[in-house]
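Please read all numbers here as calculations on a predicted model, not as lab measurements.
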Amino acid sequence: MLYGAIEAGGTKMVCAVGDENGKILERISIPTKTTEETMPDIIAYFKDKDIKAIGLACFGPIDLNKASDTYGYITATPKTAWINFDIVGCLKKAFNIPIGFDTDVNGSLLGEATWGCAKGLTDAIYITIGTGIGAGIMSGGKLLHGMLHPEAGHILMRRYPEDGYQGKCPFHKDCFEGLAAGPAIEERWGQKAIDLADKKEVWELESKYIAQAIFNYILTLSPRKIILGGGVMHQEQLFPMIRKKVLEMNAGYIKTKELDNIEEYIVPASLDDNQGIMGAIKLAMEAEMSFIKG
Ligand code: ADP
Ligand code: ZN
């Protein structure tokens with residue numbers, strides 16, 4: 001059985017065909033321009049494929065409420081060409097097959113929970129630290145949606161006194177994303193993040209902010225695994241620093257076997273950067289299943 005998968009991002013749309021084992025058989029990458037330019041290319045790619053459903057893991061904010069008139073829309077995105085675009089409707093019209101839809105980060109988490117390091121777990125989070133910060137959350141075996149969907153990259157932070165940087169989030173200035181996403185690192189230190197690799201103070205501060213956010217997620221979401229992905233996390237020295245600081249912030253309060261074994265609790269993504277597109281395959285499989293069940 002073949003499934004279509006789309007990982008829709010602000011700079012590129014990865015489209016793939018995969019099977020029920022999460023195996024990717026072919027893929028292309030289409031630049032994200034306007035809806036009029038990009039959607040026809042996506043549709044043309046899938047047109048002759050014998051796919052049973054499509055899974056779409058999408059940048060947001062998006063409307064995931066099936067009872068809403070704008071279900072399947074990208075809503076208030078900073079990518080202005082895509083504001084209020086009915087992306088699910090557009091695919092549905094072109095293919096008339098089930099379309100699974102979720103956030104990009106919930107997609108990545110679903111990939112990891114199905115075929116990666118969170119396999120078999122019912123409670124996990126996936127955090128991406130790249131151009132922006134976002135988190136996918138699974139609780140009790142279900143991807144968390146709620147009123148909208150989690151926007152856990154924008155939680156408010158306790159600032160560190162040595163940090164004079166004002167923050168980059170256009171809405172909240174010094175939220176987590178405003179202080180710790182790639183563009184914030186680059187503006188604070190005046191250099192590309194990748195060129196700051198050997199500047200200890202950069203990663204010391206970065207790891208403190210990431211640890212602070214993770215500690216808040218541990219307290220509120222009680223995950224059994226915390227997976228970190230995105231461009232900034234290519235700085236692998238961050239992992240031991242983050243783990244150490246999370247334990248310091250916890251100060252012995254929560255005592256679990258996961259925290260005792262923190263190297264296996266706070267981990268890098270495990271699917272070679274395929275977690276998003278593999279998660280989209282799983283979204284397609286789930287959409288097909290719920291279509292069959294009615
Ligand atoms: P996106 O979030 O746009 O999907 P990425 O996850 O690759 O893409 O994140 C891009 C951000 O991550 C940029 O701000 C970039 O500076 C930063 N980044 C990318 N690679 C590295 C690296 N090796 N080390 C540190 N920062 C990086
Ligand atoms: Zn914000």
J.: Please check this pair: side chain of Glu258 against backbone of Arg224, looking for a donor-acceptor N/O pair closer than 3.5 Å.
T.: no
J.: Is it the case that atom NZ in Lys47 sees more than 12 heavy atoms from other parts of the structure closer than 6.0 Å?
T.: yes
J.: Donor-acceptor pair, distance only, cut-off 3.5 Å: does the side chain of Gln275 make one with the backbone of Asp273?
T.: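 Indeed, once roles are kept as given, a pair shorter than 3.5 Å links the two residues.
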J.: Of all heavy-atom pairs between Asp123 and Ser222, which one has the smallest distance, and what is that distance?
T.: CB-O, 4.2 Å
J.: First locate atom OH of Tyr73, then atom SG of Cys58, and finally report the distance between them rounded to the nearest 0.5 Å.
T.: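 Here the interatomic distance stands at 14.0 Å.
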J.: Can a salt bridge be assigned to the pair Lys168 and Glu187 using a cut-off of 4.0 Å between side-chain N and carboxylate O?
T.: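 Salt bridge flag = yes for Glu187 with Lys168.
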J.: Of Asn84, Thr75, Asp63, which is the lone residue that meets side chain to side chain donor-acceptor pair (under 3.5 Å) with Thr70?
T.: Asp63
J.: Is it true that, when you exclude Asp272 itself, more than 12 heavy atoms of the residues, nucleotides or ligands shown sit nearer than 6.0 Å to its CG?
T.: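 No - once you tally the heavy atoms of other residues, nucleotides and ligands closer than 6.0 Å, there are 12 at most.
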J.: Looking at Asn261, I'd like to know if its CG atom is crowded, meaning that more than 12 non-hydrogen atoms belonging to other residues, nucleotides or ligands lie closer than 6.0 Å.
T.: yes
J.: Nearest 0.5 angstrom please: Phe101 CZ to Glu286 CD, how far?
T.: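 Reported value, rounded in 0.5 Å steps: 15.0 Å.
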J.: Would you give the length of the straight line joining atom CG of Asp104 to atom CG of Leu56, rounded to the nearest 0.5 angstrom?
T.: 10.0 Å
J.: For Ala57 and Gly276, work out which heavy atoms get closest and say how close.
T.: CB-O, 4.4 Å
J.: What are the two closest heavy atoms between Thr131 and Pro183, and how far apart are they?
T.: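 Looking at all heavy atoms of both residues, the closest pair is O-CD, 3.3 Å.
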J.: Judged by atom type as modelled, is there a donor-acceptor pair below 3.5 Å linking the side chain of Lys255 to the main-chain atoms of Gly252?
T.: yes
J.: Does Ile137 offer a backbone N or O that forms a donor-acceptor pair with the side chain of Asn106 under 3.5 Å?
T.: yes
J.: Under the ring pair (Phe, Tyr, Trp, His ring centres under 6.0 Å) definition, can you give me all pairs with a residue in residues 200-242, not counting sequence neighbours?
T.: Tyr160-Tyr209
J.: Kindly determine whether Thr128 and Met233 satisfy side-chain contact (heavy atoms from CB on, under 4.5 Å), including the steps that lead there.
T.: CA-CA 8 Å; Thr128 182; Met233 294 314 301; over 6 Å; no
J.: Take Lys23 and Ile281 through the test side-chain contact (heavy atoms from CB on, under 4.5 Å) and record every step on the way to the result.
T.: CA-CA 9 Å; Lys23 185 165 177 213; Ile281 295 173; over 6 Å; no
J.: Is there a side-chain contact (heavy atoms from CB on, under 4.5 Å) between Ile43 and Cys90 once you walk through the steps?
T.: CA-CA 9 Å; Ile43 289 165; Cys90 177; 4.1 Å; yes
J.: Is Asp260 atom CG crowded by more than 12 heavy atoms from other residues, nucleotides or ligands, each under 6.0 Å away?
T.: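 Above 12, so yes.
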J.: Return yes when atom CG of Asn21 has more than 12 non-hydrogen atoms of other residues, nucleotides or ligands closer than 6.0 Å, and no otherwise.
T.: yes
J.: When you measure from the side chain of His172 to the backbone N and O of Gly178, does any donor-acceptor pair fall under 3.5 Å?
T.: no
J.: How close do Ala16 and Phe46 get, heavy atom to heavy atom, and via which atoms?
T.: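 That closest heavy-atom pairing would be O-CE2, 3.3 Å.
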J.: Would you call Glu204 and Lys245 a salt bridge, taking side-chain N to carboxylate O under 4.0 Å as the test?
T.: yes
J.: Ignoring hydrogens and angles, tell me if any N or O in the side chain of Gln212 forms a donor-acceptor pair with the backbone of Arg158 under 3.5 Å.
T.: yes
J.: Please give me the minimum heavy-atom distance between Ile227 and Ala118, naming the atom from each residue.
T.: CD1-CB, 3.9 Å
J.: Test your reading of the model: is there a side-chain donor-acceptor pair from Ser207 to the backbone of Met241, 3.5 Å cut-off?
T.: no
J.: Do the charged groups of Lys225 and Glu112 touch, with an N to O distance under 4.0 Å?
T.: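 Salt bridge between Lys225 and Glu112, a charged N being under 4.0 Å from a carboxylate O: no.
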J.: Over all heavy atoms of both residues, which pair between Ala152 and Ala135 is shortest? Give the atoms and the distance, please.
T.: CB-CB, 3.8 Å
J.: Thr32 vs Trp82, test: side-chain contact (heavy atoms from CB on, under 4.5 Å). Steps then yes/no.
T.: CA-CA 10 Å; Thr32 307; Trp82 294 78; 3.7 Å; yes
J.: Examine the side chains of Lys282 and Thr114 and answer whether a donor and an acceptor come within less than 3.5 Å of each other.
T.: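 Distance-only check fails for Lys282 and Thr114.
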J.: Decide, yes or no, whether a salt bridge links Lys92 with Asp86 under the criterion of side-chain N to carboxylate O below 4.0 Å.
T.: no
J.: More than 12 non-hydrogen atoms from neighbouring residues, nucleotides or ligands closer than 6.0 Å to CD on Glu236, yes or no?
T.: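 Open.
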J.: Enter the distance from Cys15:SG to Tyr45:OH here, rounded to the nearest 0.5 Å.
T.: 7.0 Å
J.: What distance separates Phe176 CZ from Met157 CE, expressed to the nearest 0.5 Å?
T.: 5.5 Å
J.: Got a salt bridge between Lys52 and Asp50, using NZ or NE/NH1/NH2 to carboxylate O under 4.0 Å?
T.: yes
